[in-house]
Amino acid sequence: MIQKFGRINLPFIRLGSPSNYHPTKLFENSGYKQFNLLNNKLILCLEDIFLKNAITTRQYSTPTHTKNSELPETSTKPTGNSYHPLYGCYTIKRTFSDNCNKMAPTLAPKVKLNNGYEMPVLGLGTYESKNNEGEIAVKHAIDVGYRHIDTAYFYQNEAEIGKAIKDKIAEGVVKREDIFLVTKLWNIHHEPDRVEGACRKQLELLGLDYIDLYLMHLPVGYKYVNEETLLPKNDDGVLQLSDVDYLDTYKAMEKLVKLGLVRSIGVSNFNSEQLQRILDNCEIKPVTNQVECSPALNQRKLTQFCKERNITLTAYSPLGRPKPDEKKPEFYYSEKTKALADKYKKTPAQIILRYLVDIGVIPIPKSSNPKRIEENFNIFDFQLSPEDIAVMDTFHTGERLVPFNLIKGQNHKYWPFSIEF
């Protein structure tokens, strides 16, 4: 019997009599794993660089004193000198490494989107990650186990994010289909005839053939001046907005799916009424609404609204942008959060991110610090109790870190925060 795991097919190992099966520990996902054979006398280590080099053959043999009853047999016998009946030589025609210390990273669970694609329930945010900071962060994140990477045209780091992904593909750490890449249409490109060109430029910057999820960054458009002027202002310093209907922008985004440039589309910073208007007037349902969400703004009502319509809610700024000197936000530095961290032997950040996952939200914490990148990802070995979720719920105040005041001050009809959710 041949068992598939990740990118390699490997036969079960049979020890002793034909009826006495002892399956090896199977490789899970892709990455590094090792398994023991013959009571630890034979250790095979498979490194996740299968296709990086030419296929090679390597033999691993058991000691000469191995008893005949311990000799391994394969359900599909290798041919040639790849299997030796006395020494139990076992050959795998793949590329191997002598480094057996690396283990496969844990991967985040995935949620199935309304179009059938799957999205990891935790991602890496890259806002303000520039000057190779984003590239380094994404490479480390992929090594840790992140497969959901979030960027945007406005962040001006798509080229380095794309380079990081391509380098990790070239190294054999991941394949393109392993990565769920999210980027966003910026507000200066809301005119329908600018949407396709903007997307193609972003694909060129990323150096990739397609985008997994393309979001409309805001329901409000800005006046287009040129590609470099991301925040167009008049002589008085007032942000120049446009009156383009986000429905028209979204319909232009639908064409990107049909062209194969993007696989999924969605929105960001939309309220429930704006989201419903998209559903009522457009063809392709958004797969997510990416909004600010943290214990202080837990978006419970908007999450439920989205869930009822089979739309996910993605959370940016999930940790509230901690400021150690000011001990803000409260939910991050609170004794209640610290008590939960002690209870679960985790950090406050891990408690907060686990809370958001437990209430059905997809957090995308931003970090370029290697230790924090790892810490933020290490939340899948525990779950908060209902009582502890209730404790975290008490931090909800509805206060926003990102209220888009430059838009609010102009009373724009599409400013999204004029209603409760």
Next on the checklist: Using the rule side chain to side chain contact (heavy atoms under 4.5 Å, CB included), only one of Asn378, Ile352, Leu340 pairs with Lys346; which is it?
Outcome noted: Asn378
Evaluate the side-chain proximity of [Y] to [X]: yes if any heavy-atom separation is below 4.5 Å, no if none is.
{"X": "Phe331", "Y": "Pro348", "result": "no"}
{"X": "His190", "Y": "Met216", "result": "yes"}
{"X": "Arg263", "Y": "Leu113", "result": "no"}
{"X": "Ile364", "Y": "Gln290", "result": "yes"}
{"X": "Asn115", "Y": "Lys285", "result": "no"}
{"X": "Pro324", "Y": "Tyr332", "result": "no"}
{"X": "Thr183", "Y": "Ile161", "result": "no"}

Checklist entry - Can the ring centres of Tyr246 and Phe270 be said to be less than 6.0 Å apart? => result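 Yes - the distance between ring centres of Tyr246 and Phe270 falls below the 6.0 Å cut-off.
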Do [X] side-chain atoms and [Y] backbone N/O form a donor-acceptor pair below 3.5 Å?
{"X": "Asp248", "Y": "Glu191", "result": "no"}
{"X": "Glu196", "Y": "Ala252", "result": "no"}
{"X": "Lys110", "Y": "Tyr117", "result": "no"}
{"X": "Arg147", "Y": "Ile142", "result": "yes"}
{"X": "Asp358", "Y": "Leu384", "result": "yes"}
{"X": "Asn157", "Y": "Glu128", "result": "no"}
{"X": "Glu118", "Y": "Gly116", "result": "no"}
{"X": "Glu158", "Y": "Leu205", "result": "no"}

Next on the checklist: I'd like to know whether Gln202 forms a side chain to side chain donor-acceptor pair (under 3.5 Å) with Tyr214, so could you lay out the CA-CA distance, the side-chain angles of the two residues, the decisive distance to 0.1 Å, and finally the verdict.
Outcome noted: CA-CA 10 Å; Gln202 289 175 266; Tyr214 198 50; 2.5 Å; yes
[Y] versus [X], side-chain donor and acceptor atoms under 3.5 Å:
{"X": "Tyr146", "Y": "Asn376", "value": "no"}
{"X": "Asp280", "Y": "Gln276", "value": "yes"}
{"X": "Asp393", "Y": "Tyr355", "value": "yes"}
{"X": "Tyr155", "Y": "Glu160", "value": "no"}

Item to check | Worked check of side chain to side chain donor-acceptor pair (under 3.5 Å) between Ser385 and Glu387 | outcome: CA-CA 5 Å; Ser385 69; Glu387 295 77 16; 3.3 Å; yes
Checklist entry - In terms of heavy-atom contacts, does NZ of Lys408 have more than 12 from other residues, nucleotides or ligands at under 6.0 Å? => result no
Checklist entry - Is the count of non-hydrogen atoms from other residues, nucleotides or ligands lying under 6.0 Å from Lys323 atom NZ greater than 12? => result no
Next on the checklist: Does Gln299 form a side-chain contact (heavy atoms from CB on, under 4.5 Å) with Val361? I'd like the steps, not just the answer.
Outcome noted: CA-CA 9 Å; Gln299 300 283 14; Val361 170; 5.8 Å; no
Next on the checklist: Parallel, tilted or perpendicular, judged at 30° and 60°: which one describes the rings of Tyr224 and His189?
Outcome noted: tilted
Checklist entry - Under 30°, 30 to 60°, or over 60°: which ring-plane class applies to His412 and Tyr414, parallel, tilted or perpendicular? => result tilted
Residues [X] and [Y] bridged, charged N to O under 4.0 Å:
{"X": "Asp150", "Y": "Lys184", "result": "yes"}
{"X": "Lys168", "Y": "Asp143", "result": "yes"}
{"X": "Lys338", "Y": "Glu335", "result": "yes"}
{"X": "Asp381", "Y": "Lys345", "result": "no"}
{"X": "Lys139", "Y": "Glu135", "result": "yes"}

Checklist entry - What closest approach, in Å, do Pro416 and Gln274 show between heavy atoms, and which atom pair accounts for it? => result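 Minimum heavy-atom separation between Pro416 and Gln274: CB-OE1, 3.5 Å.
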Checklist entry - salt bridge (Lys or Arg N to Asp or Glu O under 4.0 Å) with Asp388: which of Lys343, Lys336, Arg354? => result Lys343
Item to check | Verdict with reasoning, Asp209 to Arg176, per side-chain contact (heavy atoms from CB on, under 4.5 Å) | outcome: CA-CA 10 Å; Asp209 294 330; Arg176 173 62 184 92; over 6 Å; no
Checklist entry - Distance from Leu231 atom CG to Tyr222 atom OH, nearest 0.5 Å? => result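 Answer rounded to 0.5 Å: 6.0 Å.
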